Participant: 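Let me begin by handing over the structure; questions about it come next.
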Amino acid sequence: MTVTYTSRVATARFGGFSQLLLLWRGSIYKLLYRELLLFLTAYLGLSLAYRFLLSEAQKRLFEKLVLYCDKSANLIPVSFVLGFYVALVLERWWGQFRSVPAPDGLMVAVAGNVHGADARGRILRRTLMRYGSLAALLVLRAVSTAVYKRFPTTDHLVEAGFLTREERRRLEGLRSPYNKFWVPCAWFGALAGQARREGRVRDDCALKLLMEELNRFRSHCSLLFHYDWISVPLVYTQVVTIAVYTFFVTCLIGRQFLDPAQGYAGHELDLGVPVFTLLQFFFYVGWLKVAEQLINPFGEDDDDFETNTLIDRNFQVSMLAVDELYGEVPALERDRYWDAVSPRAPYTAAAAPLRQPAFRGSAFDVALAKEDMEFQPLEDIGETLGDTLEPPPRPPPGTFTRRFSLLRRKNSAGSEGGVGPEPPPAAPPVPATPGDGDSLGGDTAVLLGDTPGGGSAPHDRWLLHPSVDDMV
């Protein structure tokens, strides 16, 4: 059911997309032509009634209604609401496609880790993959109308070979109202453990790989089921639909052509058919129809997913991988480039013009003059940039103490009376005594260098970076 046109647009050329406009299956014309004909018929009916059925007084009243509707239509935010809705639906559509379970990883793990060329090994591998196909089928049967029509009951699954009668009895015997797609996954895990105990799965690492692939496959089944369960909120869909339909019901009246003789602004021309309003209807309602088709891609539209084809492909490929291809390895032989140091695959005459030189990186396109590629002595570079490896000079002893005392006196003066005359020079420092409220305290004095006896202050032995001047 999917409409594939990829080969038509493989190469960009003049009017490349224009050839797609003539396609009918899966086209916007097929989705929209009924709504467009209904809108045009209603518009022409109102136009004819205005021109030939209404009296002069009724025409004047209708013209006021047209002007009012034309002005009010711009208040409906159709583009804003519809654009976000279609973006959400498109993201959901792509997520649903990515969640469709594919057995490729699971079948490779089963074929490579469940050993035995005898009948027992063969039935183990085929049964494991049949359980995987059954889990995917139970999910697709629940979300896709096309698959449900193909397998409406479990009897059809038994007849198709996905279930045995004993398995159907066990499946229907489980007392659970929920979807039972997880049951074949549980059977898969139990059978894989049995194969490990029999030695068909040779180590725990191989069993772990099988269970990881099974969990990945099961998570896709669960995600697909939950996509079907949790829809886009109904209120969002209703708001978008009401906004689009209300806008064009308003346009049915507001976009009518009025009598040019009445002199209404913007109604100097009477075309009869609103060409640009029809284009606007085509774009906006077409956008809404696109969202309507993409919101559930498991139906029977032209562009919905081909779920039955996926079931056929996955079942056949998985059985071939674990049965017909098990242990089938072609004979080893030297390839044609065995002695070639730099092997290169050939080109046909049609592909030869497409050959391009190897890309090494965009920086290789930079052109440099010969003198710019010569190395410079590191000493010259250091002098030019002003780089010095010498540490910054240490301040003379006592600098930090004097600056701190000056800063303290300035702060004290500012807190007492604001900005006043410059204080007189300070008296020689008096040794601080413990408990003196006007002093910094004995410990602080020792810290700042005012030590009794003129001994070396602790800060003289510190190496401060950045310098003390910058710190103060």
Side-chain angles (χ1 to χ4, degrees), residues 17-18 21 24 26-93 231-296 301 303:
F17 280 176
S18 60
L21 301 179
W24 174 255
S27 65
I28 187 63
Y29 320 119
K30 186 177 180 180
L31 282 176
L32 195 59
Y33 77 93
R34 298 179 184 88
E35 287 85 353
L36 186 61
L37 289 177
L38 179 62
F39 179 80
L40 182 58
T41 302
Y43 181 91
L44 293 178
L46 285 175
S47 179
L48 293 175
Y50 163 69
R51 297 170 190 273
F52 302 109
L53 298 181
L54 299 182
S55 63
E56 291 298 323
Q58 292 173 337
K59 286 183 178 180
R60 302 290 86 78
L61 182 61
F62 182 77
E63 290 165 356
K64 292 180 180 179
L65 180 61
V66 168
L67 296 176
Y68 175 76
C69 290
D70 187 31
K71 181 180 179 181
S72 301
N74 297 325
L75 301 178
I76 303 176
V78 182
S79 300
F80 176 79
V81 175
L82 189 57
F84 277 102
Y85 182 74
V86 174
L88 173 64
V89 170
L90 184 60
E91 182 181 2
R92 173 185 171 88
W93 172 82
S231 304
V232 176
L234 178 61
V235 291
Y236 199 179
T237 304
Q238 289 176 338
V239 165
V240 174
T241 305
I242 292 174
V244 174
Y245 287 171
T246 304
F247 177 79
F248 285 104
V249 168
T250 307
C251 288
L252 277 177
I253 302 174
R255 301 294 174 84
Q256 292 286 337
F257 288 101
L258 303 181
D259 185 4
Q262 299 299 320
Y264 295 113
H267 290 271
E268 295 82 7
L269 186 63
D270 185 2
L271 295 179
V273 178
V275 178
F276 288 97
T277 301
L278 293 179
L279 288 176
Q280 197 174 25
F281 182 90
F282 186 84
F283 297 143
Y284 283 168
V285 180
W287 216 359
L288 183 64
K289 297 297 287 185
V290 168
E292 180 183 341
Q293 182 171 351
L294 296 182
I295 196 170
N296 183 10
D301 295 325
D303 255 329

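These numbers come from a predicted model, not from an experiment.
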Participant: Would you confirm whether S72, through its side chain, and C69, through its main-chain N or O, come within 3.5 Å as a donor-acceptor pair?
Facilitator: no

Participant: Are T246 and T250 side-chain neighbours, meaning at least one heavy-atom pair lies under 4.5 Å?
Facilitator: yes

Participant: Rounded to the nearest 0.5 Å, how far apart are CD of Q262 and CG of L67?
Facilitator: 10.5 Å

Participant: Please verify the inter-ring angle class for F39 with F281; under 30° counts as parallel, over 60° as perpendicular, anything in between as tilted.
Facilitator: parallel

Participant: Any chance you could measure L271, atom CG, to T277, atom OG1, to the nearest 0.5 Å?
Facilitator: 10.5 Å

Participant: Got Y85 and I295 here, is their nearest side-chain heavy-atom distance under 4.5 Å?
Facilitator: yes

Participant: Return yes if some donor-acceptor pair links the side-chain N/O of E268 with the main-chain N/O of G266 below 3.5 Å, else return no.
Facilitator: yes

Participant: Which atom pairs, one a donor and one an acceptor, fall under 3.5 Å between side chains of residues 48-55 and the rest of the protein, sequence neighbours left out?
Facilitator:
{"from": "Y50", "atom 1": "OH", "to": "E63", "atom 2": "OE2", "distance (Å)": "2.7"}
{"from": "Y50", "atom 1": "OH", "to": "D259", "atom 2": "N", "distance (Å)": "3.1"}
{"from": "R51", "atom 1": "NE", "to": "S47", "atom 2": "OG", "distance (Å)": "2.9"}
{"from": "R51", "atom 1": "NH1", "to": "D270", "atom 2": "OD2", "distance (Å)": "2.7"}
{"from": "R51", "atom 1": "NH2", "to": "D270", "atom 2": "OD1", "distance (Å)": "2.8"}
{"from": "R51", "atom 1": "NH2", "to": "D270", "atom 2": "OD2", "distance (Å)": "3.3"}
{"from": "S55", "atom 1": "OG", "to": "Q58", "atom 2": "N", "distance (Å)": "3.4"}
{"from": "S55", "atom 1": "OG", "to": "Q58", "atom 2": "OE1", "distance (Å)": "3.4"}

Participant: Any idea how F247 and Y284 line up, ring-wise: parallel (<30°), tilted (30 to 60°), or perpendicular (>60°)?
Facilitator: perpendicular

Participant: Report the C-alpha separation of Y29 and L21 in whole Å, then their side-chain angles, then the decisive distance to 0.1 Å, and conclude whether the side-chain contact (heavy atoms from CB on, under 4.5 Å) test is met.
Facilitator: CA-CA 9 Å; Y29 320 119; L21 301 179; 3.7 Å; yes

Participant: Is there a side-chain contact between I253 and Y68 in this structure, where contact means two heavy atoms from C-beta onward sitting under 4.5 Å apart?
Facilitator: no

Participant: Report the distance from atom OG1 of T41 to atom CG of L46, rounding to the nearest 0.5 Å.
Facilitator: 11.0 Å

Participant: Side chains of W93 and L90: does their closest heavy-atom pair fall under 4.5 Å?
Facilitator: yes

Participant: How long is the straight-line distance from CD of E35 back to CG of L37, given to the nearest 0.5 Å?
Facilitator: 9.5 Å

Participant: If every non-hydrogen atom of P274 is compared with every non-hydrogen atom of Y43, which pair is closest and at what distance?
Facilitator: CD-CE2, 3.1 Å

Participant: Closer than 3.5 angstrom, by distance alone: can the side chain of Q238 be matched with the main-chain N or O of P233 as a donor-acceptor pair?
Facilitator: no

Participant: If you round to the nearest 0.5 Å, how far is CG of D303 from CG of L294?
Facilitator: 7.5 Å

Participant: Count the heavy atoms of every other residue, nucleotide or ligand shown that sit under 6.0 Å from NZ of K30, and state whether that count exceeds 12.
Facilitator: yes

Participant: Parallel, tilted or perpendicular, judged at 30° and 60°: which one describes the rings of F84 and F80?
Facilitator: perpendicular

Participant: Within a strict 4.5 Å, meaning less than it, do heavy atoms of the R60 and E56 side chains meet?
Facilitator: yes

Participant: When rounded to the nearest 0.5 angstrom, what is the spacing between NZ in K289 and CG in L31?
Facilitator: 6.0 Å

Participant: If I compare all heavy atoms of L258 with all of Y264, which pair ends up nearest, and what's the gap?
Facilitator: CD1-CD1, 3.8 Å

Participant: Decide yes or no for F282 and L278: does some side-chain heavy atom of the first lie under 4.5 Å from some side-chain heavy atom of the second?
Facilitator: no

